[in-house]
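By convention here, the first residue in the shown sequence is residue 1.
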Amino acid sequence: MTPMGILGILFLLLALYCGTDPFNHSAISGFPDFEAYKVDMPSWELVPTVRDKDNLLQKSEIKFLNQVQGPESMAFDPLGRGPYTGVADGRILFWDGQNWNDFAYTSSNRSELCDPKPSLLSYLPNEHICGRPLGLQFDKKTGDLYIADAYLGLFEVGPEGGLATSLVTEAEGVPLKFTNDLDIDDEGNIYFTDSSSKYQRRNFMQLVFSSENSGRLLKYNPHTKEATVLVRNLQFPNGVSLSKDGSFLVFCEMCPGRLLKYWLKGEKAGTSEVFAILPGFPDNVRTNKDGEFWVATHCRRSMYSHILGLHPKLRKLILKLPISTKIQYLFQAGGKLHALVVKYSPEGKLLQILEDSEGKVVKAVSEVDERDGKLWLGSVLMPFVAVYDLA
């Protein structure tokens with residue numbers, strides 16, 4: 001056989017391997033019903049390109065290394081104590097100034113399945129059993145802590161902690177599949193996100209790859225004990241935070257990379273609009289004392305991810321290749337983990353960007369909480385908390 005014939009056979013075998021993925025190496029193997037959807041994105045020219053040339057997040061202090069695994073959300077109680085954070089084994093921990101203490105949990109199952117493990121990925125198979133607390137917020141009047149558990153729904157626990165009480169597991173007949181974040185208004189109403197009705201947190205990368213639009217923004221009324229849907233058909237809604245005056249809230253929509261505003265008061269009450277186009281893929285958003293919004297951003301949007309967002313058939317074709325989920329994610333992230341946090345004015349003007357574009361210190365960030373001149377940076381992917389001094 002000629003060299004060209006051998007090369008042709010090898011090419012056909014490679015094509016057959018890539019087309020059939022016989023060893024289930026692709027990012028969507030195990031998801032026979034996977035479909036990719038067009039992302040409702042702005043034009044490329046509208047994506048912010050401002051950069052932090054000094055990579056200031058590299059000056060962050062790494063705290064509690066390997067003492068907390070996957071601390072997504074940071075919360076401080078009405079007395080200023082904390083932080084409190086939810087970790088990968090299902091517990092909510094409290095820092096008393098010297099040590100981490102167990103404070104609360106959403107699942108009554110605390111068997112050996114939920115014992116601490118060596119890596120974050122080790123927890124994924126049992127998260128639905130042990131619970132996975134994500135967004136945390138205190139009611140400043142009562143001291144009660146409200147918890148968005150990714151698998152189990154919306155919870156409340158008193159100032160003394162312990163086993164939290166379930167508040168919401170479904171809304172309008174649709175179960176909560178991926179409860180993500182929350183905020184509380186002065187009347188005790190809770191606004192929260194359900195990222196998907198199809199994918200659970202353990203499959204969040206498949207949700208990103210799919211960009212399906214079953215996500216919802218919801219409201220829980222503590223007086224009527226009812227949850228209602230405020231906005232539906234969202235592509236991975238995530239963080240949510242009320243404005244300082246309570247007239248509106250903003251929430252992140254990860255796949256399109258934007259902040260949306262939902263009006264709570266005034267002539268526009270009950271309507272939503274685009275608040276800001278983000279430079280990348282957002283997670284949580286938090287309001288500071290001045291009414292500005294800090295947005296935690298996993299990574300910048302690349303031209304590669306932008307093109308795939310607009311062309312779902314091409315995206316699905318590439319996802320069928322025998323390339324692991326991790327590598328596919330790195331393709332979309334520009335080749336390496338890198339974090340940035342972005343601050344917006346109450347009117348939606350971009351005010352500041354801090355980043356670690358090389359991923360040397362802060363590789364990923366899920367939430368930014370500004371307190372006493374410092375930014376507390378949590379990450380669902382990292383075994384530490386980072387603290388950046390704004391001074």
Side-chain angles (χ1 to χ4, degrees), residues 27 57-58 60-74 83 85-93 116-127 130-136 148-151 178 180-181 195 199-209 236 238-239 252 254-255 257 278 280-286 294-302 305 324-342 354-369 375-388:
L57 280 191
Q58 292 183 6
S60 300
E61 176 188 4
I62 299 302
K63 299 174 71 71
F64 317 123
L65 182 62
N66 296 323
Q67 297 179 45
V68 288
Q69 292 183 304
E72 158 130 341
S73 185
M74 301 283 110
T85 189
V87 293
D89 62 23
R91 293 175 297 158
I92 295 162
L93 304 179
K117 295 175 175 58
S119 73
L120 284 164
L121 293 178
S122 304
Y123 294 96
L124 288 177
N126 299 315
E127 281 188 341
C130 304
R132 185 40 168 122
L134 296 179
L136 304 177
D149 186 289
Y151 298 86
F178 188 169
N180 203 316
D181 195 30
S195 294
Y199 292 97
Q200 292 186 301
R201 197 202 82 85
R202 73 180 84 182
N203 307 127
F204 76 94
M205 284 312 309
Q206 282 70 34
L207 173 55
V208 172
F209 295 152
F236 205 154
N238 209 319
C252 298
M254 178 179 280
C255 294
L278 302 170
F281 299 96
D283 200 320
N284 283 355
V285 54
R286 290 293 181 263
W294 280 106
V295 184
T297 309
H298 277 292
C299 62
R300 285 186 177 273
R301 181 178 295 282
S302 65
S305 64
S324 70
T325 300
K326 179 180 179 180
I327 299 302
Q328 290 280 11
Y329 173 71
L330 289 176
F331 284 165
Q332 298 223 15
K336 58 186 175 183
L337 293 175
H338 60 280
L340 61 154
V341 298
V342 191
L354 302 171
E355 61 186 312
D356 182 354
S357 64
E358 300 173 357
K360 288 184 176 181
V361 178
V362 184
K363 296 178 183 295
V365 60
S366 299
E367 184 175 296
V368 191
D369 191 61
L375 298 181
W376 290 78
L377 311 175
S379 172
V380 74
L381 299 175
M382 295 292 122
F384 58 77
V385 175
V387 179
Y388 178 79

I'd like to check Leu375 versus Leu354 (side-chain heavy atoms, cut-off strictly below 4.5 Å). Are they in contact?
yes
Can you give me the closest heavy-atom contact between Leu340 and Leu57, atom names plus distance?
CA-CD1, 4.2 Å
Heavy-atom closest pair (Val368 atom, Leu377 atom, distance to 0.1 Å) is CG1-CD2, 3.6 Å
What residues, two or more places apart in sequence or in another chain, satisfy ring-ring contact (aromatic ring centres under 6.0 Å, His included) together with Phe64?
Trp95, Trp100
Output all residues satisfying salt bridge (charged side-chain N to carboxylate O under 4.0 Å, His left out) with Arg202, sequence neighbours left out; order by chain, then residue number.
none
Atom CG in Leu93, atom OG1 in Thr85: separation rounded to 0.5 Å?
7.0 Å
For Pro133 and Gly86 the tightest heavy-atom approach is CG-CA, 3.7 Å
Is Arg201 positioned over the aromatic face of Tyr151, cation under 6.0 angstrom from the ring centre and no more than 45 degrees off axis?
no
Which atoms form the tightest heavy-atom contact between Leu207 and Ser195, and what is the distance?
CD2-O, 4.0 Å
Neighbour count >12 (heavy atoms, 6.0 Å) for atom NZ, Lys360
no
So how far is it from Trp376 CH2 to Ser60 OG, rounded to the nearest 0.5 Å?
12.0 Å
Under the side-chain contact (heavy atoms from CB on, under 4.5 Å) rule, what do Ser305 and Phe331 come out as? Steps first, then yes or no, please.
CA-CA 8 Å; Ser305 64; Phe331 284 165; over 6 Å; no
Give a yes or no answer on whether the side chain of His338 reaches the backbone of Ala364 with a donor-acceptor pair at less than 3.5 Å.
no
With Tyr199, which residues qualify under ring-ring contact (aromatic ring centres under 6.0 Å, His included), at least two apart?
none
Side-chain (Asp356) to main-chain (Val361) donor-acceptor, under 3.5 angstrom:
yes
Going by distance alone, is a donor N or O of one side chain under 3.5 Å from an acceptor N or O of the other, for Gln69 and Tyr123?
yes
Got a sec, which residues hit side chain to side chain contact (heavy atoms under 4.5 Å, CB included) with Ser366, two or more places apart in sequence or on another chain?
Glu72, Asp283, His298, Ser379, Val380
Quick one: CG on Leu134 to CG on Asn180, what's the gap to the nearest 0.5 Å?
5.5 Å
Please determine whether side-chain contact (heavy atoms from CB on, under 4.5 Å) holds for the pair Thr325 and Phe209, giving the CA-CA distance in whole Å, both sets of side-chain angles, and the decisive distance to 0.1 Å.
CA-CA 10 Å; Thr325 300; Phe209 295 152; 4.0 Å; yes
Once you round to the nearest 0.5 Å, how far does CE of Met382 lie from CG of Leu65?
11.0 Å
Checking the side chain of Ser73 only, and the main-chain atoms of Leu136 only, is there a donor and an acceptor separated by less than 3.5 Å?
yes
Find out whether Cys299 and Tyr329 are in side-chain contact, i.e. whether some heavy atom of one side chain is under 4.5 Å from a heavy atom of the other.
yes
For Asp149, all residues meeting salt bridge (charged side-chain N to carboxylate O under 4.0 Å, His left out), sequence neighbours excluded
none
Test item: Val385 and Met74 side chains (from C-beta on) under 4.5 Å apart, heavy atoms
yes
Test of ring centre spacing under 6.0 Å for Phe178 and Phe236
yes
Is a donor on one side and an acceptor on the other found under 3.5 Å between the side chain of Glu367 and the backbone of Arg286?
no
Applying the side-chain contact (heavy atoms from CB on, under 4.5 Å) criterion to Met254, which one of Val208, Leu278, Thr297 satisfies it?
Val208
Would you call Gln58 and Glu358 a side-chain contact if the rule is heavy atoms closer than 4.5 Å?
yes
Set of salt bridge (charged side-chain N to carboxylate O under 4.0 Å, His left out) partners for Lys326, sequence neighbours left out
none
For the residue pair Val68 and Pro71, what are the closest heavy atoms and their distance?
CG2-CG, 3.9 Å
Return yes if some donor-acceptor pair links the side-chain N/O of Ser302 with the main-chain N/O of Ala333 below 3.5 Å, else return no.
no
Which pair of heavy atoms, one from Cys255 and one from Arg301, lies closest together, and at what distance?
O-NH2, 2.6 Å
